[in-house]
Amino acid sequence: MTMSSAKIECVLRENWRCGESPVWEEASNSLLFVDIPAKKVCRWDSLSKQVQQVTVDAPVSSVALRQSGGYVATVGTKFCALNWEDQSAVVLATVDKDKKNNRFNDGKVDPAGRYFAGTMAEETAPAVLERHQGSLYSLFPDHHVEKYFDQVDISNGLDWSLDHKIFYYIDSLSYSVDAFDYDLQTGKISNRRSVYKLEKEEQIPDGMCIDVEGKLWVACYNGGRVIRLDPETGKRLQTVKLPVVKTTSCCFGGKDYSEMYVTSARDGMDPEGLLQQPEAGGIFKITGLGVKGIPPYPYAG
């Protein structure tokens with residue numbers, strides 16, 4: 001299927017080092033996202049086009065809405081509550097205490113309000129790291145943490161099926177989008193399987209989100225694209241190419257969640273690459289996809 005009607009626009013050309021974890025906040029018409037190595041949580045107001053940012057004390061890899069107000073974020077190896085007004089971060093829980101070199105990576109809240117996030121070893125260069133050091137965790141609303149599995153390389157994109165019975169998950173260096181059976185009541189996962197293996201030119205699967213038709217959108221790091229997958233047939237339905245190669249993550253937002261926002265990175269690019277891709281590290285808006293997304297779930301704790 002060709003997408004001649006899709007329009008791609010760089011809405012924020014601030015050239016973030018590694019933009020990640022875009023989340024739409026309907027209440028403020030804003031896009032939240034993080035710049036991992038710059039240790040910044042950012043909020044872009046889509047109406048005023050202004051960006052506010054809060055700097056934290058360690059690499060911040062994901063941000064999510066919080067039901068009681070403010071936000072939650074994964075900072076270093078800590079789940080934190082973020083108060084935007086006074087720019088403070090309060091630690092809710094810490095993981096991987098025995099692994100000094102680890103940090104969190106991507107995270108997202110499940111339909112019951114649990115904050116899922118996984119870890120990885122700190123990279124020596126983009127996607128170059130000690131393997132099998134990460135784990136997948138969930139912060140429950142009562143602030144206790146459960147660990148699901150370890151031996152993860154780069155814990156990345158995650159989302160849930162529309163009926164909440166399947167959890168989708170990406171460990172980047174497996175070059176696969178995986179599915180688990182999901183129990184929403186308990187937060188338990190089981191029966192891991194691959195639903196899509198990336199092709200060579202698609203490169204490294206990174207962030208992911210689901211649309212109202214239950215199809216998955218995956219940002220391809222080093223692949224300069226987002227791809228739309230059918231997790232039931234394992235087929236790729238659509239490819240949308242972007243003018244930057246290090247596309248990191250995607251989410252739906254905007255009026256009625258009909259726009260897609262894509263984050264990107266510039267860390268690890270050589271001067272020549274940066275000249276060829278002046279928008280590297282920018283935030284992109286894709287309109288005209290012909291499908292909508294669903295609102296993000298807030299953390300319930």
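Everything numeric in this text was worked out from a predicted model, so none of it was measured. Index from 1, following the sequence.
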Tell me, please, which residues at least two apart from [X] pass side chain to side chain donor-acceptor pair (under 3.5 Å).
X: R114; answer: D110, Y182
X: D142; answer: H144
X: Y299; answer: none
X: T77; answer: none

Could you tell me whether R192 and D178 have a side-chain N and a carboxylate O separated by less than 4.0 Å?
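Counted as a salt bridge, because a side-chain N and a carboxylate O are separated by less than 4.0 Å.
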[X]: side-chain contact (heavy atoms from CB on, under 4.5 Å) partners, not counting sequence neighbours:
X: A121; value: N101, N102, L129, E130, Q133
X: K197; value: S176, S194
X: P231; value: Y168, V195, K215, L216
X: K285; value: E9, V11, E259, Y261, T287

Counterpart residues, ring pair (Phe, Tyr, Trp, His ring centres under 6.0 Å), relative to F180 (two or more places apart)
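Scan of F180 (ring pair (Phe, Tyr, Trp, His ring centres under 6.0 Å), adjacent residues dropped) gives F149, F167.
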Hey, could you give me each pair passing ring-ring contact (aromatic ring centres under 6.0 Å, His included) that has a residue in residues 58-102? Not counting sequence neighbours.
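Output for this query lists Y71-W84, F79-F104, F79-Y115.
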Looking at residues at least two apart in the chain, or sitting in another chain, which of them share a salt bridge (Lys or Arg N to Asp or Glu O under 4.0 Å) with E232?
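For E232, no residue satisfies salt bridge (Lys or Arg N to Asp or Glu O under 4.0 Å) once neighbours in sequence are set aside.
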Holding to salt bridge (Lys or Arg N to Asp or Glu O under 4.0 Å), I want the full list of residues that pass it with R17, two or more places apart in sequence or in another chain.
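By the salt bridge (Lys or Arg N to Asp or Glu O under 4.0 Å) rule, R17 matches D267.
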